[in-house]
Enquirer: 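One structure, pasted below without further comment.
Numbers here simply count residues along the sequence, with the first being 1. Since the structure is predicted, the reported quantities are computational estimates derived from the model, not experimental observations.
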Amino acid sequence: MTNPVKHKSKSRPNSLEPANQTRLTIPDLVILSLLAERPMHGYEVNATLEDRKIRDWAPVSRPQIYYSLDKLAKLRLIRVTSENSPSAGPERRVLETTAAGKERLADALEGKSWVNQKVHQAFLIWLALSWRARPRTFRKQLNARKKFIKEELAGERATLADVLTEVGHPYHEAVWMLQLMIDQLKAELRWVERILGEADKRAPARHSPHIDPH
């Protein structure tokens, strides 16, 4: 999910802003949020992304980190902390979210696109196109998906246990996110197993959707 979130300008609500200069992407918002927790170096941002497995749900590559940091600094949404030299390289500068950055982040989180978008899942696209696959490929890919889901499920359960230990209570956004991921994986696993059980009954559509039955 990398659709940019456009900031609502209070002074010029109808102004057009250059997409790559002022519009905030998902990576930009994730980094703004991390730096709002505490000041960090660029490499600390990357380490936090890895430690928290944020890349499981947000597409923030290592090169994107430094692109976003530079962009956010130019927009004055983050700044170098007073105890560090602004002339230091991106790996050494300690950065924090400014008051304007926190306000911009809060504005972005009010967007409707967060709650009404559908995600195109590669596996569902594959399933729709699988009639053109070789005969043995259908079961082979389903079994591969089943194995992948089981591995992901084990990993998410382990992560949830770690997060619960760190947070100390179950009423936290990280816990809720992991619980959702686990429930989704469990539901998909049941679904894949059902398809495997019904695979031998697979048949083409009896009626073309382009023909009006009436």
Side-chain angles (χ1 to χ4, degrees), residues 1-6 24-30 33-34 46 48-64 108-214:
M1 184 172 62
T2 57
N3 292 334
V5 179
K6 187 174 181 179
L24 299 185
T25 63
I26 297 298
D28 297 334
L29 296 175
V30 169
S33 179
L34 290 178
N46 184 63
T48 303
L49 290 170
E50 293 181 355
D51 291 344
R52 298 187 187 178
K53 297 187 177 180
I54 291 175
R55 291 190 176 99
D56 285 354
W57 51 267
V60 189
S61 66
R62 186 180 178 88
Q64 178 67 50
L109 293 174
E110 295 178 6
K112 292 182 179 180
S113 61
W114 295 105
V115 297
N116 61 13
Q117 288 189 9
K118 291 185 178 180
V119 178
H120 298 116
Q121 296 184 37
F123 184 69
L124 292 183
I125 297 172
W126 170 85
L127 184 61
L129 303 177
S130 63
W131 276 104
R132 295 296 180 180
R134 296 182 178 87
R136 294 183 180 179
T137 299
F138 188 68
R139 279 190 174 277
K140 179 181 178 182
Q141 292 286 64
L142 283 173
N143 280 312
R145 183 65 178 179
K146 179 179 176 180
K147 179 181 178 182
F148 171 79
I149 294 170
K150 285 184 174 181
E151 291 172 349
E152 288 293 299
L153 193 52
E156 297 297 351
R157 282 170 171 161
T159 301
L160 177 58
D162 291 341
V163 169
L164 283 169
T165 299
E166 180 179 347
V167 174
H169 62 84
Y171 310 110
H172 187 274
E173 59 272 11
V175 175
W176 292 329
M177 287 174 65
L178 286 163
Q179 288 173 337
L180 174 60
M181 292 177 186
I182 289 170
D183 286 346
Q184 289 175 331
L185 288 168
K186 289 165 65 177
E188 186 179 350
L189 181 59
R190 291 193 298 270
W191 173 72
V192 169
E193 289 175 339
R194 186 173 71 245
I195 295 176
L196 282 167
E198 298 173 350
D200 292 339
K201 299 178 182 179
R202 192 182 192 204
R206 294 178 180 176
H207 305 287
S208 171
H210 302 293
I211 299 177
D212 187 344
H214 304 291

Enquirer: Verify, without hydrogens or angle tests, whether Ser130 (side chain) and Ala133 (backbone) share a donor-acceptor contact under 3.5 angstrom.
Expert: no
Enquirer: Does any non-hydrogen side-chain atom of Leu164 lie less than 4.5 Å from one of Pro170?
Expert: yes
Enquirer: Between the side chains of Thr25 and Asp28, does any donor sit under 3.5 Å from an acceptor?
Expert: yes
Enquirer: Output the distance between atom CG (Leu34) and atom CZ (Arg52), rounded to the nearest 0.5 Å.
Expert: 6.0 Å
Enquirer: Between Arg55 and Val30, is a side chain to side chain contact (heavy atoms under 4.5 Å, CB included) present by the stated rule, with each step listed?
Expert: CA-CA 10 Å; Arg55 291 190 176 99; Val30 169; over 6 Å; no
Enquirer: Measuring from Phe138:CZ to Leu196:CG, what's the distance to the nearest 0.5 Å?
Expert: 7.5 Å
Enquirer: Atom NE2 of residue position His169 - does it have more than 12 heavy atoms of other residues, nucleotides or ligands inside 6.0 Å?
Expert: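 Atom NE2 in His169 is crowded, with more than 12 foreign heavy atoms closer than 6.0 Å.
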Enquirer: How far apart are the closest heavy atoms of Val60 and Pro27, and which atoms are they?
Expert: CG2-CA, 3.8 Å
Enquirer: Got a second to check how far Leu178's CG is from His172's NE2, nearest 0.5 Å?
Expert: 10.5 Å
Enquirer: Show your working on salt bridge (charged side-chain N to carboxylate O under 4.0 Å, His left out) between Glu156 and Lys53 and close with a plain yes or no.
Expert: CA-CA 10 Å; Glu156 297 297 351; Lys53 297 187 177 180; over 6 Å; no
Enquirer: Return the minimal non-hydrogen interatomic distance between Arg202 and Trp131, and the atom names on each side.
Expert: NH2-N, 3.7 Å
Enquirer: Ignoring hydrogens, what is the shortest heavy-atom contact between Trp114 and Leu109? Give both atom names and the distance.
Expert: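 The pair with the smallest heavy-atom distance is NE1-CA, 3.7 Å.
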Enquirer: Measure the spacing between CZ of Phe123 and CZ of Arg145 and express it to the nearest 0.5 Å.
Expert: 6.0 Å
Enquirer: Testing the basics here: between Thr48 and Ile54, what is the closest heavy-atom pair and its distance to 0.1 Å?
Expert: O-CD1, 4.2 Å
Enquirer: Looking only at non-hydrogen atoms, find the nearest pair between Leu142 and Ile195 and report the distance.
Expert: CD1-CG2, 3.6 Å
Enquirer: In Å, rounded to the nearest 0.5 Å, how long is the span from CD of Gln141 to CG of Leu127?
Expert: 11.0 Å
Enquirer: To the closest 0.5 Å, what do you measure between CD (Gln121) and CD (Glu188)?
Expert: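 Nearest 0.5 Å value for the CD-CD distance: 6.5 Å.
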Enquirer: Just by modelled atom types, is the Leu29 backbone N or O under 3.5 Å from a matching donor or acceptor in the Ser33 side chain?
Expert: no
